[in-house]
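The structure under discussion appears below in the form of structure tokens.
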Amino acid sequence: MQFNSIEFFIFLPIVFLLYWFVFNRNLKLQNLFVLIISYIFYGWWNWKLLFLIAFTSFCSWYSGLLIEKFRDKAKLINGLNISVNLIILAIFKYYNFFVQSFADIFRYGNSDGLLLNVMLPVGISFYTFQALSYSIDVYRNNIQPTKDIVQFFAFVSFFPQLVAGPIERATNLLPQFQKTRNLNYEQLTGGLRQALWGFFKKVVIADNLAVYVNIVFNDIHTYSGFPLMWATLFFMFQIYADFSGYSDIAIGIARIFGFKLMENFRRPYLSRSIKEFWNRWHISLSSWFRDYVYIPLGGNRVSMSRHFYNLFITFLISGLWHGANWTFVLWGSYYGGLLVLERILHIKSYRITDKYSICQVPRLIIVFFLVFLGWGLFRSNSITDAYYLFTHLFDINSGIIGVPIISTKTFITLLILVVFVFIVDCIKEFTVKCYHKKILIYVWVAFLIASIYILGKFEEQSFIYFQF
Amino acid sequence: MKTRKVLFLLEFLATIVFLFLFVFGMEYLYKNEITRIDLLYSSIYNSDNNIELAIVGNSHAGAMGCTPFVQTDKIGNYSVGGQDLFHASLVISEVLARKKKLKYLVLFVDYDLMGYSLVTTNQRYTDREYYKYSDTMQDMSLGNRIMAQLNFFRNNRDLSRLKNRFTNSEIPSVKTENLNFIPIVEGRDDNSLCEMRAKEMTSVKFNKKLLPENEKILSEILEKVAKNNVKLIVVVPPKRECFYRYANKLNTQIAKKSLYKVVYSCENVSFIDLYEDMSFADDDFIDPDHANSKGVDKIVINISKYMQ
């Protein structure tokens, strides 16, 4: 079931009412209800995939119990659980990619007979990582294992964030399943407002920009110059609006059910360094890789060369996490390389909380441009396309719009949408929080509803990160 | 707690009321708006029942150098710009059901139409426009069916129509008489217009995954027409030389093969392929792919050869 579907608009109020007014008397019953509705939500795509998520959940839950019981063999059990989960992920997500790549490299010829005819389960990378974090945290003694299987299964499959994050940590979300939750009306209005804003970003911003982006990137070799630049810029904002929109809907819906999920985006295009960008973009994934890959590799408390290696390899894996395509591997390496370069050149890395000054504007522009190039690589359908993109991106002999079926009026609307997202981010980052005044909130909500009705695309286009 | 609860309920109620007022307000404003498909169907309903020849297709058939819906006593042109095979099939069903004296049906099919659909090219609003008359659409999802009932959505949520109404200016796309052909994009030089149209038709809007589905639809059309004892003439309209130059050769070939496969599988169909017909010159066109009155005359001569 997609957030931007009619089914979900029927599903949500029903489960909301049942959750707060029928199953609210007993915590165990309420958790069981969360589990059932989460499985219905996920099974809507394909009920057979429920076995996979149940198996993944069971492995991690049982590993947690075994680790606690056999502390002397904890490393082995944890290692086994990680292996099983990663093998499942590898089979469904990477097997065909690697077989095809090896066949291409060694000129094996037709590799069709070796390929598996399996579909990629929606959100497999998200829930696998969430389940893995639990057993690792139990192993590290960061959390006590839970004996309540329903509670754990509900934690892994919690429907708002199941298919595209934020990738929650057991240390944050699991305890919330252990405490009684009360209906808080401020949380309810705040959650609904956040979900509405996320919905706006998805159906108005991302899906409209997607039209131009798809036309160009699906037939990239027929364009050069401005259309490529616009398409890359539009994709930059499409993916931001799409993914942060999903996160806002997830966080907002979780709030109306009494849960607090972690923040996933914090105005990433206002970063002053690449490191800062990764502290603002897909925060739940970046911090996951930091805690479970980068730090175990030794982090920065090793020799300089080893530190650079750790950085690079972490981002390389992060790139591969995004999908089975060499463009993602290259994209991860690109950021790994940039971060190593930042360290070598001793470029100051800002914290999110550091104040801005006017002399940081050139940094903002440089980082924006580097991220822009990174998205070009990310969106390209193949390495050949990426090569074509970068060799023709600045060929400015083409027309300004240059894309069939996109009229000047539509193009200007798209530009306005991009500027709008950027301005909203600037307002949130730089101004005092005057937008908490009631009257402004009412006007804002009315504006969002009217815009969604007039400009929203209701064709149930998947969220980009569903494929990861 | 109680005050917060009341405030929340009031805010929630106000939001719902606002949403309903907005939706109904828009419906009220758009209730009298007429779409191209409304005009198309009204021309089918209102045209003479003595019609013996019907023309169905997209702008290449509808335009024929001038506006669609031009009728004579015995000829009915039921074409509309941008129409795909699925919707052409709906129109043909209606025409066959209503025009009992029909002898000939001329169906214009471009090669690229075999890989084209309104739904996959962001024109779902047009798909919705048909629903009122056909009770079916390409996208029959619940959401689309709801939107198909709303005038605002049937009109592509086009606010300029409202603006035009308030400023009393007419909307060119719904004029029905004395209208000269409007080029697809104005203000472009000849060559870039050619390039743009060719790319649009053979690359951007073309999707080879649609070939099997469109082959099936076309086969059904041929079967349906044959069952009604109507002679079917399938015409591939001509294009200008500059169009071929920029057209995606591979897609064009795939589509041509697909069209030929279906048409030649049926015995009772007359097939006229004018795509690369050398008798058409640049001055037979008003733009890269739409014939002017001189070009239309040539097309008509070709068609008339297949009529008794």
Side-chain angles (χ1 to χ4, degrees), chain A residues 2 4-10 13 182-190 192-193 196 207-208 210-212 214-216 218-223 227 256 398-399 401-410 438 441-443 445-461, chain B residues 1-12 14-16 18-23 25-26 82 119-125 127 139 141-147 150 152-153 157-160 184-185 187-189 192-193 195-207 246 248 251:
Chain A
Q2 302 231 40
N4 52 338
S5 67
I6 293 280
E7 291 87 348
F8 186 73
F9 279 88
I10 298 165
N182 295 312
L183 183 57
N184 176 323
Y185 289 96
E186 268 179 16
Q187 214 171 322
L188 193 57
T189 38
L192 285 172
R193 240 178 9 239
L196 182 68
D207 290 349
N208 277 302
V211 176
Y212 190 103
N214 292 342
I215 289 173
V216 174
N218 290 344
D219 197 14
I220 197 166
H221 296 270
T222 55
Y223 302 98
I256 70 174
S398 59
I401 302 170
V403 173
I405 75 167
I406 301 287
S407 66
T408 310
K409 209 161 73 177
T410 310
K438 275 273 179 205
I441 290 172
Y442 295 150
V443 172
V445 169
F447 166 76
L448 292 181
I449 291 173
S451 306
I452 289 169
Y453 193 71
I454 294 169
L455 290 172
K457 287 213 166 274
F458 302 110
E459 278 92 47
E460 292 185 28
Q461 293 192 36
Chain B
M1 179 68 185
K2 205 174 176 181
T3 327
R4 278 181 189 163
K5 188 176 174 180
V6 171
L7 185 65
F8 168 76
L9 288 173
L10 279 175
E11 284 178 343
F12 189 74
T15 311
I16 300 293
F18 172 76
L19 180 64
F20 274 91
L21 283 178
F22 194 78
V23 170
M26 283 302 189
V119 167
T120 56
T121 49
N122 280 300
Q123 299 174 85
R124 280 167 198 259
Y125 67 94
D127 188 34
D139 174 7
S141 63
L142 179 62
N144 210 39
R145 271 183 286 159
I146 292 171
M147 286 188 271
L150 299 167
F152 184 51
F153 280 84
R157 293 180 281 177
D158 186 356
L159 295 179
S160 65
I184 304 297
V185 179
R188 280 207 171 233
D189 69 83
S192 73
L193 187 59
E195 184 182 359
M196 204 178 97
R197 279 295 286 175
K199 272 186 192 173
E200 178 186 340
M201 307 313 290
T202 62
S203 291
V204 176
K205 288 182 174 173
F206 186 85
N207 182 353
Y246 292 109
N248 184 315
N251 288 345

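Note that the structure is predicted; figures quoted are calculated from it, not measured. Residue numbering restarts at 1 for every chain, and letters A, B, ... go by the order of the sequence lines.
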Does any backbone or side-chain atom of [X] lie under 4.5 Å from a heavy atom of chain A? Answer side chain, backbone, both or neither.
X         : value
Leu7(B)   : side chain
Leu150(B) : side chain
Val119(B) : neither

With sequence neighbours left out, the residues meeting ring-ring contact (aromatic ring centres under 6.0 Å, His included) with Tyr453(A) are Phe22(B), Phe152(B), Phe153(B)

Go through the structure and list residues passing ring-ring contact (aromatic ring centres under 6.0 Å, His included) with Phe12(B), not counting sequence neighbours. Phe8(B)

Part of [X] lying under 4.5 Å from any heavy atom of chain B:
X         : value
Ile452(A) : backbone
Leu192(A) : side chain
Tyr442(A) : side chain

For the backbone of Tyr185(A) and the side chain of Lys5(B), can you confirm whether one donor and one acceptor N or O come within less than 3.5 Å of each other? no

Tell me whether Arg193(A) is salt-bridged to Glu11(B), with the criterion being a basic N under 4.0 Å from an acidic carboxylate O. no

From [X] [atom1] over to [Y] [atom2], what is the distance, rounded to the nearest 0.5 angstrom?
X         : Y         : atom1 : atom2 : result
Arg157(B) : Leu455(A) : CZ    : CG    : 7.0 Å
Glu195(B) : Thr222(A) : CD    : OG1   : 8.5 Å
Ile215(A) : Glu200(B) : CD1   : CD    : 9.0 Å
Ile10(A)  : Leu142(B) : CD1   : CG    : 6.0 Å

Does the side chain of Ile449(A) reach to within under 4.5 Å of the side chain of Phe18(B), using non-hydrogen atoms? yes

If you look at every heavy atom in Ile454(A) and Met26(B), which pair is closest and at what distance? CD1-CE, 4.1 Å

Which heavy atom in Asp219(A) sits nearest to a heavy atom in Ser203(B), and how many Å separate them? OD2-CB, 3.2 Å

